[in-house]
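Here the structure comes first, spelled out in structure tokens, and everything after it is commentary.
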Amino acid sequence: MITNLLVTLPKAKAWRSEHVFLYKGFWLSSEVLKGLVLIHNHFTPQPTDIFLAAFMKCGTTWLKALMFATANRHRYKLSDHPLLRTGPQSAFPFLDTHIFLDYPVTNFDHLPVPRLFATHFAHGLLPTSITSTCKIVYVCRDPKDALVSKWHFLSKLRSKELEPLPFNEAYEMFCNGVSEYGPFWDHVLGYWKASQESPDKILFLKYEDMKREPTIELKKLAAFMGMPFTAEEEEEGVVEDIVKLCSFQNLSRLEVNKGGGGGQKFTAKVVVENQEFFRKGEVGDWKNYLTEEMKDRIDNIAVNKLKGSGLML
Ligand code: A3P
């Protein structure tokens, strides 16, 4: 079925595999396109489900940890927390590929309520049964840092049968909107507009704000999830404790997130070591990769694409 669909779609060179396919305005690998079809045909959302959505490399790992720790703060002690043993990637399913791990369709009934799911799919690609029913937390990031992070990540996962993808070529492709789940700007804009229309349904966060003021952003997140911190919890320092538990410094040093500690199976062929989700965790690493001219070009694209939307990146 998916093979029949793929032959009808425009394709382009990809960053990880050989090709990505243009489906309803977004470039997707054949694997996640299959996942999308399964989500549309087989996934039944519950009104209490909360989704974490993000373009690749914009903060999924961090938000996974924060959402899981916040939602389950009455179940686990912070000193002996499952995140410390399993790492954030295992905290809840990445729906795009998890949906078909137990082929044909994985059952999610065992998950505690609220069920948490992560996705990289654009807002317009998700079924309306999800977007009209469930809360969605979206995290975005400076596209220049997302580009650099994505190039590092996908270069590691790139099929060994393919030539490495030089950074400058990835940069060109990114500017032209061609990368897994891209174009970046359409992705961000879709969620931004939806968050403006339904702020109670979509919380729009920025990686840079979270780095600058993590406790303020975490309180916002908890309130949005319907689990605000009580005055008592705030006095006891629970917010700061969760921020510390989920910090890059804390999570990246854990055995499970170091070489050989553990991995995530995305598809039968794609298994990613946990350590690959922790690189630098900084704002502005793009300065080590982009010339002034390259920076200006991306900034101008962002200004043009986001013009009139009220969103600044
Ligand atoms: P860098 O490659 O710039 O270091 P994602 O989780 O969406 O795949 O994004 C990965 C990016 O988030 C990587 O960025 C990674 O280092 C960073 N990251 C992972 N865990 C983090 C955390 N707890 N706090 C801040 N950044 C984190």
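Computed from a predicted model, the values in this text were never measured in an experiment. Read the numbers this way: they start at 1 and go in the same order the structure lists the ligands and their atoms.
- Nearest heavy atom pair, residue T131 against residue L126, reads CG2-CB, 3.9 Å.
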May I have the list of side-chain donor-acceptor pairs in residues 86-93 shorter than 3.5 Å, sequence neighbours left out?
from: T86; atom 1: OG1; to: P82; atom 2: O; distance (Å): 3.0
from: Q89; atom 1: NE2; to: T61; atom 2: OG1; distance (Å): 2.8
from: S90; atom 1: OG; to: Q264; atom 2: NE2; distance (Å): 3.2

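- Contacts classified as ring-ring contact (aromatic ring centres under 6.0 Å, His included) and involving residues 282-313 (residues at least two apart or in different chains) are given here: H152-Y289, F167-Y289.
- Using a heavy-atom distance under 4.0 Å as the criterion, the protein contacts of ligand 1 are K57, C58, G59, T60, T61, W62, R141, S149, Y207, C246, S247, F248, F277, F278, R279, K280, G281.
- Taking the six-membered ring where the residue is Trp, Y191 and Y138 present parallel rings, their angle staying beneath 30° rather than reaching 60°.
- Not one N or O on the side chain of E217 forms a donor-acceptor pair closer than 3.5 Å with the backbone of D209.
- For F94, the ring pair (Phe, Tyr, Trp, His ring centres under 6.0 Å) partners two or more places apart in sequence, or in a different chain, are H120, F266.
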